[in-house]
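Working notes for the structure below.
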Number of protein chains: 2
Amino acid sequence: MNVIENSPFTKKLSAFATLSEDELAVLERLHQRRRTFAAGSDLVHQGQPEQAAYILAAGWACSYKIQQEGTRQIVDFQIPGDFLGLRSVLLRTSDHSIEPIVEIEAAEVLADDLLEVFASTPRLAAAILWAASRDEAMVVEHLVGLGRRDADARMAHFLLELGARLALVGMGSKAGYTCPLTQYHLADALGLTAVHVNRVLRQLREAGLVTFRDGQVTFDNFDRLVALAEFDPGYLDQAGPILK
Amino acid sequence: MNVIENSPFTKKLSAFATLSEDELAVLERLHQRRRTFAAGSDLVHQGQPEQAAYILAAGWACSYKIQQEGTRQIVDFQIPGDFLGLRSVLLRTSDHSIEPIVEIEAAEVLADDLLEVFASTPRLAAAILWAASRDEAMVVEHLVGLGRRDADARMAHFLLELGARLALVGMGSKAGYTCPLTQYHLADALGLTAVHVNRVLRQLREAGLVTFRDGQVTFDNFDRLVALAEFDPGYLDQAGPILK
DNA sequence: CGCTTCATTGAACTCCTTCAAGGCTCGTGG
DNA sequence: CCACGAGCCTTGAAGGAGTTCAATGAAGCG
């Protein structure tokens with residue numbers, strides 16, 4: 001029993017495909033170059049060519065874009081087990097910034113390492129691409145929320161989706177989860193102001209649906225929250241990949 | 001001189017990599033199975049497992065998601081040269097619907113064809129993935145627009161981006177382009193109502209920035225429109241891919 | 001102990017929606 | 001050939017969801 005089997009990244013990929021001893025060993029090697037980054041210090045900066053990608057081992061990060069006027073839109077949050085900058089390292093381009101929300105621990109993955117993994121263990125490659133595809137589906141769902149959901153449903157959907165993602169790596173359940181985000185983070189992700197985020201959270205709390213307080217999300221009434229958000233987790237748990 | 005060199009798909013990929021005779025031949029084969037679809041008839045339906053992908057040869061389509069209440073959010077438009085359902089065919093999942101906006105002509109591409117291309121001509125594969133990555137960057141930019149741009153800037157940005165994409169396949173310029181979208185399409189894409197789209201278009205027209213009328217987009221003052229939209233085409237023309 | 005960050009609440013305002021009505025164009029059938 | 005309906009565009013008036021401005025409190029930290 002190796003420690004690698006308990007890494008969030010392995011947990012996540014295991015949900016996609018049963019991994020062999022060999023594949024676990026490859027994952028072990030990918031986790032070699034451990035680094036830590038302080039909260040708030042940009043990992044990747046908008047427009048900079050990127051040299052490495054990272055597998056997030058502990059802590060939370062977010063990818064975002066800044067507008068000229070200074071407003072910020074958070075595109076996605078990254079939690080343990082998520083890849084940071086996968087696409088950009090393969091394609092030598094980064095159109096957004098990535099910032100650790102708390103101090104994070106991440107394994108650096110160079111482009112060559114990644115290409116080697118793709119060449120040597122295609123099943124692993126498929127699982128990784130699959131995870132990437134799920135991330136993309138989440139971005140699409142996020143877009144739909146910004147375009148066609150009101151603030152309440154948007155918030156509800158967001159908190160539920162985050163819960164589902166955390167559950168996949170053993171960090172959340174239908175009861176709730178620990179969450180280091182501030183109301184400003186929520187505002188920048190949901191396209192709202194922090195003031196309004198506060199009001200929405202109060203409404204949801206007073207309606208007995210969900211409580212966001214002191215870094216803790218508690219689902220007070222999971223089913224009614226799902227109904228309000230029209231939350232359909234179908235886009236999160238997909239069928240098997242095409243490569244065997 | 002082969003006809004394949006004039007296909008929009010080839011034009012687009014050529015912007016990413018210079019293609020050899022062999023690669024052009026492979027593209028030729030990909031274009032074999034031509035099919036046409038009538039406007040309005042769903043090509044892919046939300047939730048259905050998808051068997052094939054398509055390369056759009058002529059006409060416009062859009063990918064969208066429908067909410068329970070019936071509201072619709074258009075995620076992206078596809079123009080000639082674009083891939084339809086690339087990710088979903090590789091990963092056997094489709095979380096959105098695709099609808100032709102006008103009658104379209106598309107080449108059907110089976111998963112096996114695609115895998116063969118990826119195995120036999122890696123440079124072509126890289127160019128295709130690269131195009132896919134650009135599409136993803138556009139979705140992200142779309143998300144930013146919905147979250148952090150007001151209706152005017154959103155519309156301006158959208159019309160400019162579409163122009164840049166069309167220019168890549170020789171269907172648009174700084175002067176403008178032909179565009180079969182209705183104001184309802186714009187509304188569903190921009191997260192607005194058709195009524196408000198109409199007002200926004202009027203404002204932009206009366207301000208002498210851009211005219212959207214009778215299926216024709218005319219840039220009346222390109223530079224001021226770019227300024228209003230804070231349009232930075234950086235995310236559209238990327239540096240070269242990592243695979244040579 | 002002051003400074004910064006985060007959360008909270010009220011009041012005024014505004015951007016966008018909703019509701020409603022009317023116009024234009026084009027294809028279809030009487 | 002004209003009537004009629006369907007789809008799209010246009011405009012006004014009223015209402016609402018979310019913003020902006022402003023002020024206060026609580027907690028963490030050097």
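Lettering of chains follows the sequences in order, A, B, ..., and the numbering in each one begins at 1.
B/Asp232 has no carboxylate O lying under 4.0 Å from a charged side-chain N of A/Lys65, or vice versa, which leaves the two without a salt bridge. Salt-bridge formation is detected for the pair A/Glu99/A/Arg72: a Lys NZ or Arg NE/NH1/NH2 atom is positioned less than 4.0 Å from an Asp or Glu carboxylate oxygen. Checked for salt-bridge contact, A/Asp220 and A/Arg205 miss the test: no charged N lies under 4.0 Å from a carboxylate O. With salt bridges taken as basic N to acidic carboxylate O contacts below 4.0 Å, none links A/Arg134 and A/Glu141. Salt-bridge formation is detected for the pair A/Asp188/B/Arg148: a Lys NZ or Arg NE/NH1/NH2 atom is positioned less than 4.0 Å from an Asp or Glu carboxylate oxygen.
Looking at residues 186-197 of chain A, you'll see A/Gly191, A/Leu192, A/Thr193, A/Val195, A/His196 sit with a heavy atom under 4.0 Å from some atom of DNA chain D.
No hydrogens or angles were tested; on distance alone, a donor-acceptor pair under 3.5 Å links the side chain of B/Arg199 to the base of C/dT18.
In this structure, A/Asp150 atom CG and C/dC16 atom P are separated by 17 Å, rounded to whole Å. One can place CE of B/Met155 at 17 Å from P of C/dC15, the figure rounded to the nearest angstrom. Note: CG (B/Asp152) to P (C/dC16) measures 7 Å, nearest angstrom. We find that OH of A/Tyr184 is positioned 11 Å from P of C/dT8, with the value rounded to whole Å. What separates CG of A/Leu181 from C1' of C/dT5 is a distance of 15 Å, to the nearest Å. The distance between atom CZ of A/Arg154 and atom C1' of D/dG18, rounded to the nearest whole Å, is 9 Å. The nearest whole Å value for the distance from the CG atom in A/Asn198 to the P atom in C/dA7 is 8 Å. Between B/Arg202 atom CZ and C/dC16 atom P the separation is 15 Å, expressed in whole Å.
B/Arg213 comes within 4.0 angstrom of sugar-phosphate atoms only, judged by non-hydrogen atoms across all strands, and of no base.
Looking only at side-chain heavy atoms (C-beta outward), B/Phe158 and B/Leu181 come within less than 4.5 Å of each other. Using a 4.5 Å heavy-atom cutoff, the side chains of A/Val200 and A/Leu186 are not in contact. Put simply, the side chain of B/Leu160 reaches to within 4.5 Å of the side chain of B/Phe219, judged on heavy atoms.
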Checklist entry - In B/S/- notation, 5' to 3', how is nucleotides 24-30 of chain D contacted by protein heavy atoms closer than 4.0 Å? => result -------

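The listed nucleotides are D/dC9, C/dC6, C/dC16; the one nearest the side chain of B/Gln183 is D/dC9.
Ring planes of A/His185 and A/Phe77: perpendicular class, angle over 60° (limits at 30 and 60°).
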